[in-house]
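Note sheet for the following structure.
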Amino acid sequence: MPTKRRRVQATDQEETVEKKVSRILNENDSVSSKYFQSKKMRLLSDFYNKPCIELAKSFLGQVLVRRLPDGTELRGRIVETESYLGGEDEASHSRGGKRTERNVAMFMKPGTIYVYQIYGMYFCMNVSSQGDGAAVLLRSLEPMEGLDTMRVFRNVKRNVQKPLKDKELCNGPSKLCQAFAIEKSFDRHDLTDDQNTWLEAGPEILEEDIVSCPRIGISNAGDWTRKPLRFYIKDNEFVSVRDKAAETSSVNA
DNA sequence: CATCTGATGTGCT
DNA sequence: GCACATCAGATGA
């Protein structure tokens with residue numbers, strides 16, 4: 001018992017400074033205590049310089065940060081991604097090595113943001129990886145900081161006043177762009193060197209907690225339609241679509 | 001829960 | 001012309 005008490009006291013002392021900083025930072029916006037805090041250190045080039053599938057898995061658990069013009073910072077933990085390999089990947093915008101004005105960011109250095117518009121009214125955010133025309137689509141975030149602001153952005157974009165639950169803020173590629181106010185102008189920005197957008201390190205996600213399954217919204221891509229190139233954190237409630245079949249089969253893997 | 005449908009406009013053939 | 005890495009609301013079980 002004395003050992004336990006001493007450890008608790010030491011922990012409390014260690015957290016004092018961090019708690020103070022956190023309290024000051026949080027005075028301007030809401031931070032829910034049920035979400036963990038990131039280490040607030042920007043991820044640099046080495047992190048992004050990996051093959052596409054490896055990067056898509058590495059993104060899980062990392063924290064996307066968006067700094068708004070008024071200084072407000074939004075944070076969300078990445079919980080779902082998809083790989084688009086380029087070249088032979090028939091579902092990729094860069095299939096067959098096709099390079100256009102729209103998708104040129106996919107061919108830029110790892111860590112470059114690729115934003116494209118879809119269905120006339122939505123945006124999707126990708127990050128280029130190692131490999132020609134390869135990129136990772138960010139599909140879902142677990143909101144951590146700035147939830148009130150995210151809710152406002154989402155309601156403004158949707159032109160609806162229905163209150164959104166936390167899990168509805170960022171559980172889809174275009175929802176997270178709305179919540180973080182990420183638009184076409186972010187295309188070709190560099191996550192390792194951008195003042196408004198970057199990634200911070202979060203806790204490592206174990207391989208056994210990653211579910212691999214087919215990508216969402218892909219059809220007519222031949223064999224590539226079913227390849228397991230979507231990755232998400234198992235049992236995370238902020239994932240957009242759970243694949244029950246993949247979750248049960250991975251138990252035996 | 002699963003499945004369906006309308007909205008909406010740009011990029012590319 | 002048409003396909004489209006989506007979303008929200010509606011409907012049925």
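Order of the sequence lines sets the chain letters (A, B, ...), proteins ahead of strands, with each chain counted from 1. On a predicted model such as this, the values are computed, not experimentally measured, just so you know.
One interatomic measurement links the two molecules: CG of A:Asp187 to C1' of B:dT10, which rounds to 14 Å at whole-angstrom precision. Straight-line distance from the CG atom of A:Asn155 to the C1' atom of C:dC7: 14 Å, rounded to whole Å. C:dA3 atom C1' lies 10 Å from atom CG of A:Asn220, rounded to whole Å. A:Arg95 has its CZ atom 8 Å from the P atom of C:dC4, to the nearest Å. Between A:Arg215 atom CZ and C:dC4 atom C1' the separation is 15 Å, expressed in whole Å. Rounded to whole angstrom, the span from the CZ atom of A:Arg242 across to the P atom of B:dA2 amounts to 11 Å. In this structure, CD1 of A:Ile216 is placed 14 Å from C1' of B:dA2, rounded to the nearest angstrom. Regarding A:Arg154, its CZ atom lies at a distance of 5 Å from the P atom of C:dA8, rounded to whole Å.
For A:Leu137 against A:Pro173, the heavy-atom pair with the smallest separation is CD1-CB, 4.2 Å.
Seen from the ring of A:Phe107, A:Arg99 counts as a face-on cation partner, given the 6.0 Å and 45° thresholds.
At a threshold of 4.5 Å between side-chain heavy atoms, the hydrophobic network of Ile, Leu, Val, Met, Phe, Trp and Tyr places A:Tyr48 and A:Met106 in two separate groups. With hydrophobic clusters built from ILVMFWY side chains whose heavy atoms lie under 4.5 angstrom apart, A:Val211 shares a cluster with A:Val79. Hydrophobic clustering (ILVMFWY, side-chain heavy atoms < 4.5 Å, transitive): A:Leu68 and A:Phe123 are in one cluster.
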Listed pairs, N/O of protein and of nucleotides 11-13 of chain B, under 3.5 Å:
unit_1: B:dC12; atom_1: OP1; unit_2: A:Thr100; atom_2: OG1; d: 2.5

Detail all sub-3.5 Å separations between protein N/O atoms and N/O atoms belonging to nucleotides 3-9 of chain B.
unit_1: B:dT8; atom_1: O2; unit_2: A:Tyr119; atom_2: O; d: 2.7

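Residue contacts for A:Ile218: at a heavy-atom cut-off of 4.0 Å it reaches the sugar-phosphate backbone alone, with no base atom in range. A:Met125 comes within 4.0 angstrom of no nucleic acid atom, judged by non-hydrogen atoms across all strands.
A salt bridge is defined here as a Lys NZ or Arg NE, NH1 or NH2 lying under 4.0 Å from an Asp or Glu carboxylate O, and A:Asp89 with A:Arg215 meets this definition. Taking a cutoff of 4.0 Å between a charged side-chain nitrogen and a carboxylate oxygen, A:Glu101 and A:Arg188 qualify as a salt bridge. The pair A:Arg154-A:Glu168 fails the salt-bridge criterion, with no side-chain N (NZ, NE, NH1 or NH2) lying under 4.0 Å from an Asp/Glu carboxylate O.
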How does DNA chain B read in dot-bracket, base by base from 5' to 3', with Watson-Crick or G-U pairs under 3.5 Å and | used when the partner is on another strand? |||||||.||||.

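When side chains are defined from C-beta on, A:Val136 counts as touching A:Cys52, because their heavy atoms get closer than 4.5 Å. When side chains are defined from C-beta on, A:Arg226 does not count as touching A:Ile218, because their heavy atoms never get closer than 4.5 Å. Annotation: side chain of A:Leu43 is in contact with side chain of A:Gln62 (closest heavy-atom distance under 4.5 Å).
The phosphate of B:dC1 has neither OP1 nor OP2 within less than 4.0 Å of any side-chain N or O from A:Lys244. Dashed line: the shortest gap from a side-chain N or O of A:Arg230 to OP1 or OP2 of C:dA5 is not under 4.0 Å.
Side-chain N or O atoms of A:Thr100 include one that pairs as donor or acceptor with a backbone N or O of A:Arg102 at under 3.5 Å.
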